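Each remark here refers to the structure printed beneath this line.
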Amino acid sequence: MNLRKYFTLIKAGILDFLQFRLGTFVIIVGNMIYLIVIYNLWKAIYASVDTPTVNGMTFEETMIYLVLASSMFSFMECFLVWEMGRSIQDGNITLALLKPMGYAKYQYFSLAGNLVASFFLTFIPTFIVIEIITNGAIRPGINLLFFLFSVILGTTINFAVDFFVGTICIYTESIWGINIMKEVIVMFLSGATVPLAFFPKTLRSIVDFLPFQAIYHTPLTILTDSTLTIPAMLSMLGMQCIWVVVTLLIGNLFWHFSIRAITVNGG
Amino acid sequence: MNNIIQLTDVSKEFKVLNRREGLKGSIQDLFSRDYKTVHAVNHISMNIHPGEIVGYLGPNGAGKSTTIKMMTGVLEPTSGEILVHGRTPYKNRTQNAQEIGVVFGQRSQLWWSLPLIESFKILKDIYQISDVDYQDMLALYESLVDVQDLYHKPVRQMSLGQRTLSDILAAFLHNPPVVFLDEPTIGLDVSMKSKIRELIKALNQQKKTTVILTTHDMGDVDALCKRIVIIDKGTMLYDNDIEHLRSFFGAYRTLKVKLSKHITDYSEEAKNRAIQTMEELITPQFPNAHFQISAEEDWVNILINESEVELMKVLSFIQTKNKIYDMQLDEISTESVIKKIYEGDGGHEPA
Amino acid sequence: MKTLSLPYYAHIYKMILIQDIKSKMSYRADFFISTIGMIFTNLSSLAAFYITFLNFPSVMGWSYHEMLFLYGFSLLALTPLQCLFDNNWSLRNFVYRGDFIKYCFRPINTYFYFISEVFDLKGLGQGAFGLVTLIYAWNKLQLPVTFLIIVQLLLALTTASLFMIAIMNFAAATCFYIINSGYVMVTANKFRDYAKYPITIFEPFFRFIFTFIIPIAFIAYYPSLLFLRTNNIPLLTWLSPLIGVVFFYLSYLFWMHGARNYTGTGS
């Protein structure tokens, strides 16, 4: 067995890192500052009430939830809206339409590799660090398996939402506006900025009827809530599956409807 | 005669970080800074008179843009002195900018989303052009090109040719004494090229503007420049009239004659026979001249150095001995001369 | 030749600004969508703020309405950055494509000329949002309204805005020195979200960082003390206009130095 090629590979990886060391360094520092701010903020909030739990969550649970949510958000970020918007504007979309594969499928599977890689590179390390810092607050068990399935389903819903929003770019030049709207709505209503447990009752019941909570909230709950039974987890996965079907269906219908407009007008 | 631009022994050096290869190298790069000095421009001197159009030529990376950037005040020379209209450009960048116009390649300096006339209005205020001068300039433009059609078109909707045209008009708008044009005709079609050349020529004549033009297109040079400056690898190779450039190589011209009406035999032997016949014919008559004779299809080609013998004499001598059915004259082109200079065999009188 | 004086610059600025707004108006759809996107961003951020602090009477001695005051103040202070200095986001593209040189050929200041080129209308939406929030909080806190206080408020807002503008100048100008500077800009941009929290929630070490290294505490916290803690105004609050001007000037020097440095390379 020749070990040389593995060393070469590792070397290339490190070289690559050094080449872009500043970018990486800046991202790490940026995330650290974000964590510091979040940590201090919630510490101050919890310090200002007498009870150890707020809305059923301890300080530690809230922190774990928010840190994992932000890391899930960054690993799922795939800039699909930007890519679709740009290729619609510069006309490259017609090239993509020539491919012997549905556009949505093509995008989904070309993003899949990326997502797997960034799952291992950003989410897993964060998870391990949290486990070490909190002395294993998350009990690893069957929930990890459910979590994995749930993440895949969540990613798919996120993709479907992005695909739907990207399609809107056929009608407008404002990619920035469309994208920022999507980003804040998804971030907020999925519980990535504030845990859904903190939401007022009426808002919470509205959010439960929307697909966004199935992106981050469902996988995170499966991972962190140790009181969940297997049937409960199964029913959560079932809900996610329904959302996958619904969002993909709507996304595809909208796409096919819109693309007809392009081909008719000779976009 | 006084000079509008004066470069005295100007040099520009850049320091470039030597990047080492491999992992070890990039770690070393983190700690040490090993610089290599690049001499972009090397001891260049030139004087440019008011109203001249000077072609500034050289292969890619020769240092043309660096020189122009120094003359526009964007770059500071490492050594030497530059005076543009009596000012040191780098020390007075903003004042200098008031008195020059620049068109830099295909990079439009106009406001991308604005109609041309709105860009002009902003430029009018930036350069503080008086209403009278502004109106005069627009009137001149209207007499030279169909600028009316462009006025209300946003720059981003223009074709490359229209954009270049607009950029040139914008550069002349404040009637600067000097205009720098960096490859103004690059990427344009033939008719647009000639339109732009005519415009530059007209503006130069009407406004007595000094124009420094860099280009790779010898058509630009032939149409516009009396004088050319050639640099390569930062060093000046040539600075003189374009006419003189040709004689720089010896005044070569090719005389082509057709000596029989219908040639049926295109074989090598036939060609060699024709060459030999011609050689035996003319060499004894002009013993001091060196001819290069070749043959192709119907033609016999004679390369004549006119500093040795006049072409017309050779032609009339041949006519006394043979019937000439047809004839052509080929000038040696500027392009091939400059190509020779770039390739480094400039300056030798071929034996 | 006339000197390039302040009225001259003001006039040029007005000219370019009006033209830019005019041409933006020809993309009305884009403008509306961007504005709606901006409103959504602010709405969701306000909702997150509301949900987080609603359940708590006070955090570290800061009442809900005082926090809201900080929030509105920071939005207003960030409005000039959003409206007037948005072209910094494009600096990177100009530099990497080599188009930046066009800003160096005019007889006016390069930084001024570059920044003047873009006016971001949707920033006004954010400003209106901030203003309404601030007035609401002001009212709820029953703060006095006198001529002097209004003047103080305007002065405080103006100088506070300089800090984030300077941070973004620094971040944008990194593209003159390094490749891959996009991350620097994105990371620096996130700092503006942290400006709305009272700095007292942080440990002393980070208080120091956010005051003197990344001075986001001057965007809302220090100037707000002028109105919220009238009997105990720290020296830094009084000094903040001076520090703001100096900090902005430093960022301007860094930017200009980069611009000069950059034009020196490449043929």
Side-chain angles (χ1 to χ4, degrees), chain A residues 19-34 36-49 51 54-55 62 66 168-169 171-200 203-204 207, chain C residues 27 29-62 89 122 171 174 177-191 193-194 197-203 205-207 209-210 214 216:
Chain A
Q19 199 91 161
F20 295 92
R21 60 192 179 270
L22 200 106
T24 319
F25 179 72
V26 167
I27 292 173
I28 292 171
V29 169
N31 284 338
M32 263 168 52
I33 293 177
Y34 171 75
I36 289 162
V37 171
I38 293 293
Y39 176 84
N40 281 286
L41 177 65
W42 286 92
K43 214 173 100 176
I45 290 173
Y46 272 87
S48 61
V49 288
T51 48
V54 177
N55 293 317
T62 308
L66 286 173
I168 300 177
C169 294
Y171 303 97
T172 170
E173 287 196 18
S174 177
I175 312 176
W176 185 90
I178 295 289
N179 189 59
I180 195 91
M181 262 191 263
K182 180 223 90 179
E183 216 162 83
V184 297
I185 291 175
V186 172
M187 277 283 271
F188 179 64
L189 296 180
S190 64
T193 26
V194 184
L196 291 183
F198 286 75
F199 278 42
L203 190 60
R204 180 68 202 268
V207 168
Chain C
Y27 293 98
D30 182 89
F31 167 67
F32 281 124
I33 291 170
S34 305
T35 309
I36 293 169
M38 200 70 182
I39 291 171
F40 263 93
T41 316
N42 285 303
L43 265 178
S44 91
S45 148
L46 187 67
F49 186 86
Y50 173 78
I51 292 170
T52 310
F53 295 104
L54 188 66
N55 301 319
F56 311 100
S58 75
V59 174
M60 290 264 172
W62 286 74
W89 282 96
K122 60 183 183 292
T174 53
Y177 305 93
I178 53 170
I179 51 165
N180 240 348
S181 71
Y183 298 114
V184 182
M185 201 70 186
V186 172
T187 303
N189 188 45
K190 280 187 191 149
F191 293 154
D193 293 336
Y194 312 148
Y197 303 120
I199 195 178
T200 40
I201 66 170
F202 298 108
E203 323 263 337
F205 175 71
F206 293 108
R207 260 183 242 176
I209 297 266
F210 289 141
I214 311 166
I216 51 173

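In what follows, chains carry the letters A, B, and so on, assigned in the order in which the sequence lines appear, proteins first and then strands, with residues in each chain numbered from 1. Only a predicted model underlies this, so the values are computations on that prediction, with no experimental measurement involved.
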Okay, A/Y171 and chain C: the region with an atom under 4.5 Å from a heavy atom over there is neither
Cut-off 4.5 Å, heavy atoms of chain A, and the answer for C/F206 is side chain
Residue from C/F32, C/F40, C/F191 scoring the most non-hydrogen pairs under 4.5 Å with chain A is C/F40
Worksheet item: Looking only at side chains, do A/S174 and C/S34 share a donor and an acceptor under 3.5 Å apart?
Response: yes
Tested for side-chain contact (heavy atoms from CB on, under 4.5 Å) against A/K182, the lone hit among A/I180, A/N179, A/I185, A/V184 is A/N179
**Asked** With a 6.0 Å cut-off on ring centres, are A/F188 and A/F199 close enough?
**Response** yes
Turns out that what part of A/L189 lies under 4.5 Å from chain C's heavy atoms comes down to neither
| said: Measuring centre to centre across the rings, with the benzene-like ring taken for any Trp, is A/F198 within less than 6.0 Å of A/W42? | reply: yes
Show your working on side-chain contact (heavy atoms from CB on, under 4.5 Å) between C/K122 and C/I36 and close with a plain yes or no.
-> CA-CA 8 Å; C/K122 60 183 183 292; C/I36 293 169; over 6 Å; no
When the 4.5 angstrom heavy-atom criterion is applied to A/K43 and chain C, the contacting part is side chain
**OP:** Applying side-chain contact (heavy atoms from CB on, under 4.5 Å), run through C/T187 and A/V29 and close with a yes or a no.
**Re:** CA-CA 9 Å; C/T187 303; A/V29 169; 5.8 Å; no
Honestly, the part of C/I214 sitting under 4.5 Å from a heavy atom of chain A is side chain
Bottom line for C/A47: the part with an atom under 4.5 Å from chain A's heavy atoms is both
So, the part of A/V194 with a heavy atom under 4.5 Å from chain C: the answer is side chain
inquiry  = Within the 4.5 Å heavy-atom criterion, are C/F202 and C/I209 side-chain neighbours or not?
reply    = no
Whatever's closer than 4.5 Å to a heavy atom in chain C on A/N55 counts as side chain
If one checks every heavy atom of A/I38 against chain C at 4.5 Å, the contacting part turns out to be neither
